[in-house]
Every structure is written in structure tokens, then in C-alpha cells.
Amino acid sequence: MSVTLYIPDDSGALALGAEKVAKAIENEIAARGIDAKIVRNGSRGMYWLEPMVEVETPQGRVAYGPVTANDVPSLFDAGLVSGGSHKLSLGKTDDIPFLAKQTRLTFARVGIIDPLSLDDYKAHGGLRGLEKAVATVPAEIVKTVTDSGLRGRGGAGFPTGIKWNTVMLAVADRKYILCNADEGDSGTFADRMIMEGDPFVLIEGMAIAGIATGATKGFVYIRSEYPHAIATMTRAVEIARKRGVLGVNVLGSPNAFDIEIRSGAGAYVCGEETSLMNSLEGKRGIVRAKPPLPAIQGLFGKPTVINNVISLASVPIIMDRGAAFYKDFGMGRSRGTIPIQIAGNVKHGGLFEAAFGLTLGEIVDDIGGGTATGRPVKAVQVGGPLGAYFSRALFDTPFDYEAFAAKDGLVGHAGIVVFDDTADMLKQARFAMEFCAIESCGKCTPCRIGSTRGVETIDKIAAGIESEKNLELVTDLCNTMKFGSLCALGGFTPYPVMSSINHFPDDFKPRALAEAAE
Ligand SMILES: Cc1cc2nc3c(=O)[nH]c(=O)nc-3n(C[C@H](O)[C@H](O)[C@H](O)COP(=O)(O)O)c2cc1C
Ligand code: SF4
């Protein structure tokens, strides 16, 4: 009987040597004359175990990891193909605590299916949401998404259904669905994992959005640093077109919808929705003033739904299982699940999908296992480069948009970056201002000039030059940036800066010039 082996083709696993492992396994299969099939799957999201090899057994899938090419002969000697015991054995994949503790809705198929097999996708529940969408009316789809409580996973947490409703009601000869796959936040990789591990779920979500709003054309704007995601999405769109999931008659219905993949321009600010539209139109990636809202006058001046990858990829399960099913997960006004990306100096880095409501402490200490260096956790930055630094004193904050906002922080795209006690928070604050200065699109003064003055002022504090006065100046500058900037790049840079100052005041005491210049 033929055996199926799974070796991830995900960029993270490839960076850790998955290709060499796949080659070594292919060679071993040929040399031993074993009847085996290799599936290149997405990652299960446990990056400290990658490359993780799985084998299908009558008891379910059994995992081994992290595997190197050198381990392969001994794995076969130990009976890998029948799930035999080896020093790299991890037991049944589904029983690995990091996976077992998750609620996988959006990521239900990632790491399980062959990403480019539409049949595999369908066999695991794919296309059911789209089938329901083509059988109903746009207003019903929009209502389902609204009632589910889904909020944008790109950062702002805006209710997805409300956005779709505006576009649905807009009258125009053309409308667009624009998927934001720029994924610029530090420590984030959820969008990439979906695009590489389950591309059809994004295509399905975009097609549902198109049918709901009357848009016939979609674009996926993927950061250029994601060549694998670009290749997988391009291939998946071709397959979907060939199989009638995209095209003039989506799933045989009168609805037309097609998708084009575009590569990003390589700037953080091009992830901001209006800047992204300019970039896609071939213009300089500079922020547009709002109004008009993209939902009224967006891409090429037409009504546009712009949503993050995870927002769109969460729609198929909502359509399939219903609004109430999805809404049942979560807390407060944060409904459903959120793929938390645990990164930085952490023992168990990876993707953990869970209902909203876990505390930051549970995520960092229990799920992440503390720091990789074994030193105490000092700070955790949540929500990308514009997110606040949380100290241990704030570890009881639950993962929830409102709870984070109440602590002057943000959930953002749900990336968390862990730092141990060697982190220098003055340097992190300086880095935030410097990042803003480098990435600023230059359109408004508080951000363009303020960030540069911010770097200079923090350098003065480090050098012990009128520390108190300059701390006051930074605080004042942060207020100007927060309330006077046109977009969240300048407007949110104060979060990492002020949280560093407020939660780690000792790091802002005067120090030697030489140390600050390091
Ligand atoms: C500087 C800046 C960078 C951003 N980068 C991204 C990004 O990489 N991906 C993303 O989905 N949203 C990003 N956003 C948020 C988008 O502007 C927008 O809110 C989002 O695409 C809307 O989709 P959602 O409602 O599904 O979250 C960024 C915003 C700002 C201000
Ligand atoms: S805040 Fe910065 S990035 Fe945003 S519009 Fe102003 S200058 Fe551009």
C-alpha cells in the first residue's frame, strides 16, 4: 500500500532546509524501492519544529522534527513510513500541545492539504461558502458577514460587513476587491502562510466579496519579498480559472469574478490602503487624504473593498457555517478567532489561531514558552512596528481590540515580538522614530519632520543632555504626531515610543554618550 509523506513547501520551512530534506527523502524512497507519495504541504506553524515531516498512518498523521537531510536515512531505518519511533518523533501531529490547544477556523486546512490541489481543498470543506454565496442575494451575504462580527485583521479592526455594505450600495460601472497582502508588520507571517498553504481559501473569500458587492475584478497586492506566495497564488488563480471557480460564470452562476496578482513596491507605507492603491495604479506610494473613502472612490476612482488576507480568508467559513457559529468565539466586540503570530526571542515561535480573549501572559509564557535565550521576558511589542511595548505588569491584558486600546496599545495584525531583559528600551524607542523617518511617505509635516526630530531628541536623552526637558519634548512631539498626522504611520509611532518611556523609565536615565552611539 502506498504511503503519503508530507514535507512543507512553506518559505519558513524552506529557509530551515525543507528542500534538502525533501530531496533526501525522495532519494531514500527510490533507493529502498518504497511505494510512497510526497505532498508538499503548507506549514503547521510550529517553526521551531521545521522542517517537520509527517507520515499518514492508520492512526492519523505522525510527525518528526526538526529534520535535517542527515537524519533521513536513520528515519527510514526506524520505520518512518509506518510511523516508527525515532529520536525526532513528535507523536501524532494533532496531539502536539501547541496545535491541540488551537481553534483553527481560518487556518483549518493549512499544513493539512496539498495547497494547489483544488480537489483536496474541496474534500476538506472548500468552496462550500462560495456555493452558498452564489445561491443567495448580495444583501444576505453582507448581512452574514456583518452579523458574524468579523473585523479587519489588517490592523484597524474596522467591521468588514459595514465596508462591504457601502460598496454594495455604491452605484458604479466597475467595482474592485483589493486584497492587502503587503504584510509589512514586524513578526507577522499569517498572510504568507495562508497564501502558501491554502491559496484557494483567499480566492474563495475574494469571490464571495465580489458577488456580495457587485465587483467583478480582484487584485492581490503581495509584498515583493514573498516570491513563494506570489508563485503559489499565481498558480492557484490559474487553476481556479480553469476549473470555473473564477471567470465569467463563477461556479456556473451568472456572476463574473476574476483575480490578478500584483507584486508590491517594497515600502512599509504601501500597506496603507490609499498608498497601496496609488502603487497599484503605477503612481508613487503616497497616502491619499480621506474622504473620499476607498469604498466610494478607491482603486482607479471606483468603489473598492480593501481587506487584509486574513479578513477575506475568514469569510468562506463564515458563509459555510453561518454568522452565529463564528460569532460564538471571542470576547466583547472582538468576535471569532485571530491568528496570533509569536516571534522574536521566544522558545516556541509560530502561528497560534485562537478565539480572542487569551491574555498576553498566556500567549508569551505558556504558549510561547518564554524566551529562546532562557532569560526573563522584559517587553513584548504587539501589533507591528507601530504597536506598543508591553511590560510584564500588563500581561493580564486579554487579546481583544478594546482591551489593548485601553492600555494604549493595539492588536494590529496580531504579531507579537518578544524581548528578553537585555533589550534597551531607549534604543527601541529611537528605532521606532527612525523607522518612521525612513518609511514616511513625506506627505505631512508631523510625520516627515517630527520623526527626524524625535530621533535627535532621544539621542540627547541618551547622552544626558537636559534629559528631563528632552523627555518632555519627546512627549509633546508624540502628541503632535498622534493628533496631527494624516495616517497611522506618523499617528501610531508614538505608541512604541511612549510605551517604552512609560513602562521602562529606567532605560531613559542619562547614560554615556559612547553607549548611546553604539
Ligand atoms: C503604515 C500602514 C501600513 C499598513 N500595512 C498594512 C499591511 O501590510 N497589511 C494590511 O492588511 N493592512 C495594512 N494597513 C492597514 C490598511 O490601511 C487597511 O486598514 C487594511 O488593509 C484594511 O483591511 P481590513 O479591514 O481587512 O483590515 C496598514 C496601515 C498603515 C497606516
Ligand atoms: S503620517 Fe507619514 S506616512 Fe502617513 S501620510 Fe503623513 S507623512 Fe505620509
Side-chain angles (χ1 to χ4, degrees), residues 106 145 150-164 166-167 177-192 194-195 202 205-206 209 219-226 264-280 284-290 293-295 298-299 304-315 338-339 383-387 401 410-415 433 435-452 454 480-495:
T106 310
V145 174
L150 178 67
R151 291 166 73 178
R153 305 289 191 241
F158 187 81
T160 307
I162 294 180
K163 198 182 272 188
W164 288 22
T166 312
V167 178
I177 305 299
L178 182 45
C179 173
N180 189 341
D182 202 48
E183 196 158 53
D185 280 3
S186 36
T188 62
F189 42 87
D191 298 351
R192 181 186 59 69
I194 281 282
M195 291 189 286
L202 177 56
M206 289 179 72
F219 289 93
V220 188
Y221 183 93
I222 310 177
R223 63 180 304 154
S224 59
E225 295 89 337
Y226 280 178
Y268 181 71
V269 77
C270 283
E272 191 282 332
E273 55 189 16
T274 60
S275 186
L276 188 154
M277 288 178 201
N278 275 342
S279 169
L280 201 57
R284 189 175 143 200
I286 195 165
V287 173
R288 298 178 187 170
K290 286 186 273 192
L293 290 173
L299 190 63
T304 303
V305 165
I306 176 159
N307 272 137
N308 172 255
V309 172
I310 303 301
S311 317
L312 289 162
S314 299
V315 168
I338 177 106
L386 312 175
Y401 292 109
L410 52 128
V411 165
H413 189 44
M433 283 292 191
F435 178 82
C436 182
I438 293 168
E439 298 292 338
S440 171
C441 84
K443 185 149 177 162
C444 64
T445 317
C447 166
R448 187 183 69 245
I449 308 287
S451 52
T452 298
T480 306
M481 288 174 74
K482 188 171 172 181
F483 298 108
S485 295
L486 185 59
C487 86
L489 180 44
F492 284 21
T493 293
Y495 280 83

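Order of appearance sets the numbers: ligands from 1, and atoms from 1 within every ligand.
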Which residue owns the protein heavy atom closest to [atom], what's the atom, and how far is it?
atom                    : value
atom 6 (Fe) of ligand 2 : Cys444 SG, 2.2 Å
atom 22 (C) of ligand 1 : Lys163 NZ, 3.4 Å
atom 5 (S) of ligand 2  : Val287 CB, 3.5 Å
atom 17 (O) of ligand 1 : Glu273 N, 2.9 Å
atom 11 (O) of ligand 1 : Asn308 ND2, 2.8 Å
atom 27 (O) of ligand 1 : Gly154 N, 2.7 Å

Going from [atom1] on [X] to [atom2] on [Y], what distance comes out if it is rounded to the nearest 0.5 angstrom?
X      : Y      : atom1 : atom2 : value
Asn307 : Leu150 : CG    : CG    : 7.5 Å
Asn278 : Glu272 : CG    : CD    : 9.0 Å
Cys441 : Leu489 : SG    : CG    : 8.0 Å
Leu178 : Asn180 : CG    : CG    : 7.0 Å
Met195 : Leu202 : CE    : CG    : 7.5 Å
Trp164 : Ile177 : CH2   : CD1   : 7.0 Å

TODO: Look at atom 20 (C) of ligand 1 and find which of Leu150, Thr188, Asn180 reaches it with the closest heavy atom.
DONE: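 Looking at heavy atoms only, Asn180 sits closest to atom 20 (C) of ligand 1.
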Open item on the list: Regarding Glu273 and Lys290, does a basic nitrogen lie under 4.0 Å from an acidic carboxylate oxygen?
Closed with: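 Yes, this pair counts.
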Test your reading of the structure: does [X] have an N or O sitting under 3.5 Å from an N or O of ligand 1?
X      : value
Ser311 : yes
Asp191 : no
Asn307 : yes
Gly184 : yes
Gly271 : yes
Asp182 : no

Open item on the list: List ligand 1 atoms under 4.0 Å from Ile306, heavy atoms only on the residue side.
Closed with: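 Selected atoms, number and element: 22 (C), 23 (O).
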TODO: Within a distance under 4.0 Å of any heavy atom of Arg153, pick out the atoms of ligand 1 and give their elements.
DONE: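 Those atoms are 26 (O), 27 (O).
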- [ ] Look only at the side chain of Thr493 and the backbone of Cys436, and say whether a donor-acceptor pair between them is shorter than 3.5 Å.
- [x]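 No; judged by distance alone, with no hydrogens or angles, the pair does not exist.
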Open item on the list: Closer than 3.5 angstrom, by distance alone: can the side chain of Ser311 be matched with the main-chain N or O of Gly152 as a donor-acceptor pair?
Closed with: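 No, because the side chain of Ser311 does not come within donor-acceptor range (under 3.5 Å) of the backbone of Gly152.
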Open item on the list: Would you say atom 6 (Fe) of ligand 2 has Cys487 as a near neighbour, meaning an N/O/S atom of that residue under 2.8 Å away?
Closed with: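 No, Cys487 does not qualify, because none of its backbone or side-chain N, O or S atoms lies under 2.8 Å.
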Task: Chi angles and distances behind the side chain to side chain contact (heavy atoms under 4.5 Å, CB included) call for Cys487, Phe492 - done: CA-CA 8 Å; Cys487 86; Phe492 284 21; over 6 Å; no
Task: Part of Glu272 within contact of ligand 1 (heavy atoms, under 4.0 Å) - done: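 Contact part for Glu272 vs ligand 1: both backbone and side chain.
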Task: Contact partition for Tyr268 relative to ligand 1, non-hydrogen atoms under 4.0 Å - done: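 Answer for Tyr268: both.
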Would [X] and [Y] count as having a side-chain donor-acceptor pair, cut-off 3.5 Å?
X      : Y      : answer
Asn308 : Asp191 : yes
Thr106 : Ser314 : yes
Tyr268 : Asp182 : no

TODO: Quick one: do Arg151 and Tyr401 satisfy side chain to side chain contact (heavy atoms under 4.5 Å, CB included)? Show the steps, please.
DONE: CA-CA 10 Å; Arg151 291 166 73 178; Tyr401 292 109; 3.6 Å; yes
Numbering as shown, the atoms of ligand 2 that approach [X] to under 4.0 Å (heavy-atom distance):
X      : result
Ser485 : 1 (S)
Val269 : 3 (S)
Gly490 : 1 (S)
Leu489 : 3 (S)
Ser440 : 2 (Fe), 7 (S)
Lys443 : 7 (S), 8 (Fe)

TODO: Determine, using heavy atoms of Arg151 and all atoms of ligand 1, whether some pair is separated by less than 4.0 Å.
DONE: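 The answer is no: ligand 1 sits nowhere under 4.0 Å from a heavy atom of Arg151.
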Task: N, O or S of Cys441 under 2.8 Å from atom 8 (Fe) of ligand 2 - done: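 Checking Cys441: at least one N, O or S atom is under 2.8 Å.
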Open item on the list: Please evaluate residues His413 and Ile310 with respect to the criterion side chain to side chain contact (heavy atoms under 4.5 Å, CB included), reporting the C-alpha separation (whole Å), side-chain torsions for both, the decisive distance (0.1 Å), and the verdict.
Closed with: CA-CA 9 Å; His413 189 44; Ile310 303 301; 3.9 Å; yes
Task: Verdict with supporting geometry, Met481 and Met433, side chain to side chain contact (heavy atoms under 4.5 Å, CB included) - done: CA-CA 11 Å; Met481 288 174 74; Met433 283 292 191; 3.9 Å; yes
Open item on the list: When you measure from atom 2 (Fe) of ligand 2 to the N, O or S atoms of Cys447, does any of those distances fall below 2.8 Å?
Closed with: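 Coordinating: yes.
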